[in-house]
Amino acid sequence: MSKAGALDLASGLGGKLDKNEVLSAVEKYEKYHVCYGGEEEERKANYTDMVNKYYDLVTSFYEFGWGESFHFAPRWNGESLRESIKRHEHFLALQLDLKPGHKVLDVGCGIGGPLREIARFSYTSVTGLNNNEYQISRGKELNRVAKVDKTCDFVKADFMKMPFPDNSFDAVYAIEATCHAPDAYGCYKEIYRVLKPGQHFAAYEWCMTDAFDSNNQEHQKIKAEIEIGDGLPDIRLTGKCLEALKQAGFEVVWERDLAVNSPVPWYLPLDKSHFSLSSFRLTAIGRFITKNMVKVLEFVRLAPKGSQRVQDFLEKAAEGLVEGGKKEIFTPMYFFLARKPLSASE
């Protein structure tokens with residue numbers, strides 16, 4: 001995992017946006033969400049703009065705090081966050097039964113941390129699909145540094161309208177990414193189309209669990225905090241994802257919420273009561289230092305105006321994620337392995 005420094009954080013803030021446009025982008029992004037009077041239908045209708053603004057604004061924060069892989073993982077006692085993230089990625093590769101030479105698609109690949117890890121682990125060629133120009137430019141540079149640029153690449157496109165022929169890939173996976181889709185069925189149907197018959201699609205989905213009560217105001221507040229802090233049009237129930245998979249034509253091999261019975265809670269790195277030297281930047285003290293550092297960087301104009309506002313909604317997200325995890329109403333790792341039948345009659 002790379003660890004971006006303070007100047008990398010400052011220079012990356014805003015992504016491909018002109019630095020003078022960052023504050024305006026923050027204001028427009030915020031207005032999509034419930035906390036600022038936004039509506040779910042508007043977020044779904046404008047998901048491309050909303051998600052692109054989100055990742056332009058937050059990618060450098062993610063890389064500063066998490067490294068190259070922007071996702072959670074279940075953890076064993078004695079296992080570091082970094083080790084758990086790698087194991088989570090290896091588990092996905094093993095479930096997909098990846099073999100050397102396979103052509104694999106990573107849907108919503110971020111800056112390609114999992115893509116590089118899975119490609120090296122399985123000796124496969126992985127294509128990362130992403131609709132954010134800044135993340136693709138970062139990913140290409142990191143691929144070059146890791147020397148996987150000959151076998152791994154990126155395609156800029158919307159995962160609701162993929163620019164690939166039917167039956168193109170030997171395997172497809174998504175890590176905490178298709179939660180950004182405005183419609184799970186539409187997204188899964190596109191994945192079904194580009195996957196070869198008889199092959200598998202595996203994913204970790206962000207979902208509300210069956211314990212979520214839509215009439216509970218506290219539950220609704222937690223859901224809204226996660227949505228604004230993580231660029232989501234809505235957060236689906238686990239059952240809705242399962243339903244959409246089957247509707248798209250997949251045969252579900254197995255599914256499980258991997259957050260359940262995890263020896264170390266997935267949200268622990270964000271819990272303010274927890275301290276860790278190995279993931280110091282994610283702790284309460286680390287986040288306090290980052291917040292004040294961003295404030296100084298913005299004051300001296302190394303970071304664009306509006307940077308503190310981005311830090312604020314990321315803090316809100318962290319609070320929502322921890323509360324959602326503690327109350328077991330939210331999971332970032334609802335796992336499923338699904339197979340595309342060999343034929344329509346199978």
Side-chain angles (χ1 to χ4, degrees), residues 3-6 8-10 12-15 17 22-38 43 50-51 53-67 69-72 81 110 176 179-180 206 208 217-233 235 265-276 278-299 302-327 329-332:
K3 280 288 185 183
D8 297 310
L9 173 62
L13 271 163
L17 294 170
V22 169
L23 180 58
S24 172
V26 172
E27 290 170 344
K28 287 176 182 175
Y29 172 76
E30 287 172 340
K31 286 176 183 175
Y32 280 121
H33 292 276
V34 173
C35 314
Y36 293 85
R43 291 195 297 279
M50 182 190 71
V51 175
K53 277 188 172 61
Y54 176 75
Y55 280 113
D56 274 332
L57 295 169
V58 307
T59 294
S60 60
F61 277 103
Y62 275 22
E63 196 172 349
F64 183 77
W66 286 94
S69 294
F70 305 161
H71 63 81
F72 294 99
L81 176 62
E176 302 182 19
C179 50
H180 292 294
W206 280 35
M208 306 311 293
Q217 287 192 336
E218 188 180 11
H219 288 194
Q220 285 285 14
K221 178 177 177 289
I222 290 168
K223 180 174 180 283
E225 286 175 343
I226 297 171
E227 286 168 351
I228 188 171
D230 295 283
L232 305 178
I235 309 176
W266 61 267
Y267 54 82
L268 194 66
L270 298 177
D271 191 339
K272 288 185 176 179
S273 65
H274 172 71
F275 181 80
S276 167
S278 63
S279 53
F280 177 73
R281 290 179 180 177
L282 299 174
T283 64
I285 299 171
R287 277 150 53 191
F288 177 78
I289 292 170
T290 301
K291 183 174 183 176
N292 284 283
M293 180 183 70
V294 170
K295 189 175 182 178
V296 170
L297 289 169
E298 186 172 334
F299 179 76
L302 283 174
K305 200 171 181 181
S307 299
Q308 291 178 72
R309 293 266 286 273
V310 179
Q311 172 79 12
D312 288 343
F313 67 65
L314 287 174
E315 273 295 312
K316 191 170 288 190
E319 291 166 12
L321 288 166
V322 171
E323 285 306 304
K326 286 181 174 179
K327 293 182 183 300
I329 62 171
F330 168 80
T331 177

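Quick note: numbers below take in every heavy atom, side chains included, and nothing from hydrogens, waters or symmetry partners. Residue numbers start at 1 and run along the sequence shown.
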[X]: salt bridge (charged side-chain N to carboxylate O under 4.0 Å, His left out) partners, not counting sequence neighbours:
X: K327; answer: E218
X: K305; answer: none
X: K221; answer: E225
X: E323; answer: none

Quick one: CG on L17 to CG on D56, what's the gap to the nearest 0.5 Å?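 That separation rounds to 4.0 Å.
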
Could you give the distance from CD (E319) to CD1 (I226), rounded to the nearest 0.5 Å? 11.5 Å

Restricting to side-chain hydrogen bond (donor to acceptor under 3.5 Å, both in side chains), what partner residues turn up for [X], sequence neighbours left out?
X: K223; result: E227, D234
X: T331; result: D257
X: E176; result: W206
X: Y62; result: Y54, D230

Check [X] against [Y] and note the closest heavy-atom contact, atom names and distance.
X: R309; Y: L23; result: NH1-CD1, 3.8 Å
X: A317; Y: G229; result: CB-CA, 3.3 Å
X: W266; Y: P269; result: O-CD, 3.3 Å
X: L232; Y: H33; result: O-CE1, 3.7 Å
X: V294; Y: Q308; result: CG1-N, 4.0 Å
X: C179; Y: P233; result: O-CD, 4.0 Å

Using the rule given for side chain to side chain contact (heavy atoms under 4.5 Å, CB included), can you reason through F72 versus W66, listing the C-alpha separation, both sets of side-chain angles and the distance that settles it, and then say yes or no? CA-CA 10 Å; F72 294 99; W66 286 94; 3.6 Å; yes

Side chain to side chain contact (heavy atoms under 4.5 Å, CB included) between R43 and V34: does it pass, once the steps are laid out? CA-CA 10 Å; R43 291 195 297 279; V34 173; 3.9 Å; yes

Measuring only between side-chain heavy atoms, which start at C-beta, is I222 closer than 4.5 Å to F330? no

Between I228 and Y32, is any pair of side-chain heavy atoms under 4.5 Å apart?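 No, too far: nothing below the 4.5 Å cut-off.
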
Mind checking side-chain contact (heavy atoms from CB on, under 4.5 Å) for V310 and listing every partner two or more places apart, or none if nothing turns up?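 Only V26, L57, V58, F61, F313, L314 meet the side-chain contact (heavy atoms from CB on, under 4.5 Å) criterion with V310.
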
